[in-house]
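Here the structure is laid out as structure tokens; the discussion comes afterwards.
If you're wondering where the values come from, they're calculated on a predicted model, not measured in any experiment. For ligands, and for the atoms within them, numbers begin at 1 and follow the listed sequence.
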Amino acid sequence: MSTLCAGIAAWRALRDSPGWAGRSVGLVPTMGALHAGHEALLARARAENERVVLTVFVNPTQFDDPADLAKYPKTLDADARLAAPYADAIVAPAPGEIYRDGYRYRVTESERSLLLEGAHRPGHFTGVLTVVLKLFNLVQPCRAYFGEKDWQQLELVRGMVEALLLPIEIVGCPTVREPDGLALSSRNRRLSPAGRLKAAEFPRILQAADSAAVAAARLEAAGFTVDYIEDVGGRRLGAVRLESVRLIDNLSLASELEAMTLPAGGRRPIRPRTQSSTP
Ligand code: PAF
């Protein structure tokens with residue numbers, strides 16, 4: 001069972017309690033609407049740390065589109081049920097607690113954050129890096145777990161930890177996919193049944209095309225609106241829009257999509273270690 005801390009004061013009181021002193025802490029930062037991809041992060045954190053903290057905070061500063069923020073699903077009860085076998089604490093602060101400065105203080109990366117996602121979502125990574133630093137300061141983890149689906153985010157968080165001398169290990173975890181290859185995302189639930197079927201063509205075309213340009217052309221021909229498809233550092237990264245839902249994905253140009261694909265007709269069983277187990 002997890003303890004739900006509805007604000008910063010409740011979390012700090014728990015963090016200062018005897019059961020937490022001197023323990024290794026793994027952090028899984030999320031915006032809620034948890035799915036099996038988050039579950040894989042939680043399971044990994046459970047296996048590698050004495051205490052696991054899940055944060056649920058829909059971060060307003062990383063949304064460039066207010067409509068996207070308004071539509072973001074809020075499912076705290078379901079999130080708490082999914083996290084219960086893995087997380088010791090669920091920390092869900094209010095926006096006013098996280099942005100008590102009114103967002104006057106920010107973490108800005110001045111080069112790589114402006115490419116790819118950053119070029120299409122102005123200010124997005126400043127919002128992400130700022131909130132991630134705040135969550136790191138709040139939770140004070142030894143390790144923090146991020147999905148490889150948001151590859152650019154993962155790289156920028158690694159860069160921030162290095163640049164700001166933070167004593168935190170950043171653990172990147174493989175993308176979890178539906179049986180048809182679509183990367184799990186809370187946005188997938190906004191697709192119509194027909195759109196959901198079509199969405200599976202995105203990773204397939206991304207993987208099969210000989211070049212980024214060919215992938216982009218094929219995706220457009222298949223009915224997607226392409227924001228970008230680029231090959232960078234041995235990976236192909238892309239963002240497309242379908243039924244006004246924005247999908248992102250990336251893969252190693254040498255990898256196989258099926259590596260973390262969920263089995264057809266069911267969830268990949270993830271076995272948490274018991275709460276008392278230690279690494
Ligand atoms: O990947 C996410 O869910 C968010 O960008 C994060 C890291 C929780 C920051 O709000």
Next item on the list: Between Thr30 and ligand 1, find which residue part has any heavy-atom pair under 4.0 Å and reply side chain, backbone, both or neither.
Entry: backbone
Next item on the list: Test Asn250 against every option in Glu148, Lys149, Arg235 by the side chain to side chain donor-acceptor pair (under 3.5 Å) rule and name the one that passes.
Entry: Arg235
Notebook entry, point to check: Under 3.5 Å, is there a donor-acceptor pair linking the side chains of Glu50 and Ser24?
Noted result: yes
Note to self: Give me the nearest non-hydrogen protein atom to atom 5 (O) of ligand 1 as residue plus atom name, then the distance to 0.1 Å.
What the structure shows: Gln153 OE1, 2.7 Å
Margin query: Could you identify the single nearest non-hydrogen protein atom to atom 9 (C) of ligand 1 and state the distance to 0.1 Å?
Written below: Gln62 OE1, 3.3 Å
Note to self: Distance under 4.0 Å to a non-hydrogen atom of Val131: what atoms of ligand 1 satisfy this?
What the structure shows: 9 (C), 10 (O)
Next item on the list: Number the atoms of ligand 1 from 1 as they appear, then name those within less than 4.0 Å of a heavy atom of Pro29, with their elements.
Entry: 8 (C)
Next item on the list: Identify whether Leu34 and Ile90 are in the same connected component of the hydrophobic contact network (ILVMFWY, side-chain heavy atoms under 4.5 Å).
Entry: yes
Notebook entry, point to check: Does the Arg46 side chain pair with the main chain of Tyr86, one donor and one acceptor, at a distance under 3.5 Å?
Noted result: yes
Next item on the list: Indicate yes or no: at least one non-hydrogen side-chain atom of Arg15 is less than 4.5 angstrom from one of Val25.
Entry: yes
